[in-house]
2 protein chains.
Amino acid sequence: MEPKNVEKVTGAIADKYRLAILMQLAKQETMTSSDVQEMTGLSQPCVSHHVKQLTDSGLVDTQKEGRNVFLRLNKQALQQLCDFLKGLG
Amino acid sequence: MEPKNVEKVTGAIADKYRLAILMQLAKQETMTSSDVQEMTGLSQPCVSHHVKQLTDSGLVDTQKEGRNVFLRLNKQALQQLCDFLKGLG
DNA sequence: TCGAATCATTTAAAAGTTTGAATGTATTTG
DNA sequence: CAAATACATTCAAACTTTTAAATGATTCGA
């Protein structure tokens with residue numbers, strides 16, 4: 001993984017709410033933006049913004065079905081970050 | 001590693017200059033703040049600020065010798081972050 | 001001891017992030 | 001079709017981070 005991408009991915013993780021989303025997706029496989037809204041208590045536009053950061057970073061994939069957007073962890077992206085960190089240590 | 005700490009550590013990584021410092025420490029074992037200043041071209045106070053973020057996060061240990069501060073990667077902290085990420089994926 | 005070197009802190013400006021209200025689009029339900 | 005639901009986008013305010021100038025402390029060398 002390129003440093004520029006590491007910067008982006010770690011930046012995506014480095015937020016209370018986004019980390020909570022990632023942790024929930026680790027337990028739960030998928031959730032919708034509405035689920036996130038309920039879980040966090042954030043406004044819908046704010047959730048939309050956080051979800052965008054997660055998808056832009058590659059950590060989360062989305063799949064639109066009807067009105068809903070389903071989020072899913074991208075385990076490969078996580079693995080790639082892990083590999084980069086191992087390369088450092 | 002606690003989520004709160006993950007947030008802090010990933011936040012410490014998520015910067016161009018701080019990531020460059022970490023990558024250099026992966027190659028070079030130790031460097032001083034002056035070395036960082038030279039490497040990055042940043043002002044001395046700015047370097048001091050970034051180094052503080054890295055040490056506060058636990059990713060970097062410092063050792064003062066005379067006028068110099070020697071930086072060193074904390075591999076255990078890196079490993080702990082890695083373990084957390086593995087737990088997600 | 002004097003001057004230079006290394007680093008920390010304070011302060012303030014510039015840049016970036018986070019947030020929600022308002023609004024818009026698309027989809028489902030009655 | 002009208003109303004409701006799910007989500008995106010635009011905008012502006014609040015907040016945080018990044019940056020360097022100014023200053024101060026400590027250490028080393030001549």
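Just so we're on the same page: letters track the sequence lines, and every chain starts at 1. This is a predicted model, so every value here is computed, not measured.
- Contact check, A:Ser48 against D:dT9: no side-chain N or O comes under 4.0 Å of OP1 or OP2.
- Between A:Arg18 and C:dT18 there is a side-chain N or O to OP1 or OP2 distance below 4.0 Å.
- Taking atom NZ on A:Lys8 and atom P on C:dT17, their separation rounds to 11 Å, with Å as the unit.
- We find that NZ of A:Lys16 is positioned 12 Å from C1' of C:dT18, with the value rounded to whole Å.
- Between B:Met31 atom CE and C:dT6 atom P the separation is 14 Å, expressed in whole Å.
- With a 4.5 Å cut-off on side-chain heavy atoms, B:Leu85 and A:Leu85 count as touching.
- Checked by atom type and distance alone, the side chain of B:Arg18 pairs as donor or acceptor with a backbone atom of B:Ala12 at under 3.5 Å.
- The separation between A:Lys52 atom NZ and D:dT9 atom C1' is 10 Å, rounded to whole Å.
- One can place CD of B:Gln53 at 15 Å from C1' of C:dA8, the figure rounded to the nearest angstrom.
- Distance check, rounded to the nearest 0.5 Å: NZ of B:Lys64 to OG of B:Ser33 gives 9.0 Å.
- Nearest heavy-atom pair across B:Leu42 and B:His50 is CD1-CD2, 3.8 Å.
- Nucleotide C:dT28 holds its P atom 10 Å from the CD atom of A:Glu65, rounded to whole Å.
- Ion pair A:Lys16/B:Glu7 not flagged as a salt bridge, since none of the NZ, NE, NH1 or NH2 atoms sits closer than 4.0 Å to an Asp/Glu carboxylate oxygen.
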Check: protein-nucleotides 19-23 of chain D nitrogen or oxygen pairs below 3.5 Å:
from, atom 1, to, atom 2, distance (Å)
D:dT19, OP2, B:His50, NE2, 2.5
D:dA20, OP2, B:Ser43, N, 3.1
D:dA20, OP2, B:Ser43, OG, 3.0

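- When each of C:dT28, C:dA4, C:dC7 is scored by its nearest atom to the side-chain atoms of A:Arg67, the top-ranked nucleotide is C:dT28.
- In this structure, A:Phe70 places its CZ atom 13 Å from C1' of D:dC7, rounding to the nearest Å.
- Connection of A:Ile21 to A:Phe70 is not established within any shared hydrophobic cluster, with ILVMFWY side chains joined at heavy-atom distances below 4.5 Å, either directly or through further cluster members.
- For the pair A:Asn68 CG and D:dA8 C1', the interatomic distance rounds to 14 Å; values are reported in whole Å.
- Scanning all heavy atoms of the two residues, the minimum distance from B:Met31 to B:Val36 falls at CE-CG2, 3.9 Å.
- Distance from the side chain of A:Ser33 is smallest to D:dC7 among C:dT18, D:dC7, D:dT18.
- Phosphate proximity of D:dA6 to A:Thr32: absent, as no side-chain N or O sits under 4.0 Å from OP1 or OP2.
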